[in-house]
2 protein chains.
Amino acid sequence: MTEAEYLANYDPKAFKSQLLTVDAVLFTYHDQQLKVLLVQRSNHPFLGFWGLPGGFIDEHCDQSLEEAVLRKLQEKTAVVPPYIEQLCTLGNRHRDVRGWSVTVCYTALMSYQACQIRIDSVSDAKWWPLADVLQIPLAFDHLQLIKQARERLTQKALYSLVPGFALSEPFTLPELQHVHEVLLGKPIQGKSFRRRVEQADLLIDTGLKRTERGRPANLYRLKSDTASYRFLRNLEC
Amino acid sequence: MTEAEYLANYDPKAFKSQLLTVDAVLFTYHDQQLKVLLVQRSNHPFLGFWGLPGGFIDEHCDQSLEEAVLRKLQEKTAVVPPYIEQLCTLGNRHRDVRGWSVTVCYTALMSYQACQIRIDSVSDAKWWPLADVLQIPLAFDHLQLIKQARERLTQKALYSLVPGFALSEPFTLPELQHVHEVLLGKPIQGKSFRRRVEQADLLIDTGLKRTERGRPANLYRLKSDTASYRFLRNLEC
DNA sequence: TAAATAGTGTCTATTAGACATTATAGT
DNA sequence: ACTATAATGTCTAATAGACACTATTTA
């Protein structure tokens, strides 16, 4: 049989196939703490529960998995996050009562400001402080995905400046350090942090300064290659 | 509508769903080089081409994605690899002529010895030297997946002892070092490597020695926590 | 004894931690 | 001047690189 004959006879409905969704753990930093975007489900299963933004692929719109998850996020936040990364794919027989189900899950970061207006006007989407999320029941295995995303981001705080994508630009260096400290759950030596930032050469000094109690702090933006930069040595704290 | 009513009316065939496969990039180390397990396709599309071992989920057998990919590997090698890790999930409209398609791809490592007999008897499965694989046409986007798996393994050679899972136990320390050197494409200072191995405390000294030209080398096995151990500092070479 | 390979000793270079010190704002 | 916060100076500790040296085998 030639490939042409094979394709002419091919029936995509002939094989049983699995439920496939994309989801995103979208973090931001606001009020000195990490927050994660959750949406309240308007359909079964888990109707009324909070869960991760995400959903089914739309074969008409979506060229790829990443386009699909970005579309889902854009529907809730009206913007495309400056950082997104595949977290993991979770698939098994038990996670969805409808049957064998798979989610391709992403971790994303964005500033709180960038989408605050849209979030305020969408009653089913809300930034949840991470500590609170651990206390409420979530849809599916979304709690597990959030924990895993947070662990990975904590690791990145040790060897990259990726957490900076959770800030609104321009930001101060102490602000960036504090995001890292919140992720690590420990203080960082300011001198160590500054040395690394300087060596990495990932921040653009805007020349502006921000003052609020004390000496004014320089304001920076992230260079675009911050997403891929890795320090050779971890912070040890 | 209650959830029970929703599920009673739920038709899994009602929604268009995507082709979903699992694939694995299985590496080993033999004859001083990295090899990857490929299988020759016996079906359209890419009939006759070499590609990654993998395939569709079997909802009767497979409880999870990882079980599915392990089953596929076991069919070819007759053993379960001692190391497996999710690499990435690749999904888009163009990778398969049959339509929107998704693969959940894993990286795995195992010793060459452990499955040599089975491979020899299965005419459609073969260990390919990695250099050769880059020269031949592969099915789908499998070349891209192999490259990505190799890059990730190279990174792991800098901050872990994971590449050791590509060796047959017991192995010598110079053998382990050489796997790392092949991955990095550069020599490593023996002293640096030994210091790190000692500090990590991941090797079990069997008390045995192997001699072939020169001073006999101690023989080691990997502790089970080698898969998750990370050095704080990368090798710099 | 020579060659080959395994394994050690030791010095230097780099960089994180610790913490004292200086700088620049508001009150 | 005093307080608060930002930013720097500088010493110590840990560890990777470099490379000379010792150890144990076969031929």
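These numbers come from the heavy atoms of this one structure, side chains and all, not from hydrogens, waters or symmetry mates. Chain identifiers are assigned alphabetically (A, B, ...) following the order of the sequence lines, protein sequences preceding nucleic acid strands; residue numbering begins at 1 within each chain.
Every residue two or more places apart in sequence or in another chain was checked for a ring pair (Phe, Tyr, Trp, His ring centres under 6.0 Å) with A:Y159, and none qualifies. Contacts of B:R196 classified as salt bridge (Lys or Arg N to Asp or Glu O under 4.0 Å), with partners at least two apart in sequence or in another chain: none. Remark: A:H30 engages A:Y112 in a ring pair (Phe, Tyr, Trp, His ring centres under 6.0 Å) (not counting sequence neighbours). Considering only residues two or more places apart in sequence or on other chains, A:Q86 meets the side chain to side chain donor-acceptor pair (under 3.5 Å) condition with A:Y106. Every ring pair (Phe, Tyr, Trp, His ring centres under 6.0 Å) that A:F193 has, sequence neighbours left out, goes to A:H180.
For the contact set between residues 150-165 of chain B and DNA chain D, defined by any heavy atom under 4.0 Å, there are no members. Proximity of residues 168-194 of chain A to DNA chain D (heavy atom under 4.0 angstrom from any strand atom) is restricted to A:P174, A:K191, A:R194.
Applying the salt bridge (Lys or Arg N to Asp or Glu O under 4.0 Å) test to residues at least two apart or on different chains, the pairs with a partner in residues 146-155 of chain A are A:E85-A:R152. Under the salt bridge (Lys or Arg N to Asp or Glu O under 4.0 Å) criterion, the residue pairs touching residues 131-141 of chain B are B:R95-B:D141, with sequence neighbours excluded. Identified under the salt bridge (Lys or Arg N to Asp or Glu O under 4.0 Å) test for residues 169-194 of chain A, with sequence neighbours left out: A:E169-A:R221, A:E175-A:R210.
Residue B:L232 is classed as having no contact, given no heavy-atom separation below 4.0 Å to the nucleic acid.
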| Could you write nucleotides 21-27 of chain D as a row of B, S and -, 5' to 3', where a protein heavy atom under 4.0 Å of any base atom gives B, of only sugar-phosphate atoms gives S, and otherwise -? | --BBB--
Residues 213-220 of chain A side chain polar contacts: donor-acceptor under 3.5 Å, at least two apart:
unit_1 : atom_1 : unit_2 : atom_2 : d
A:N218 : OD1    : A:K209 : NZ     : 2.5

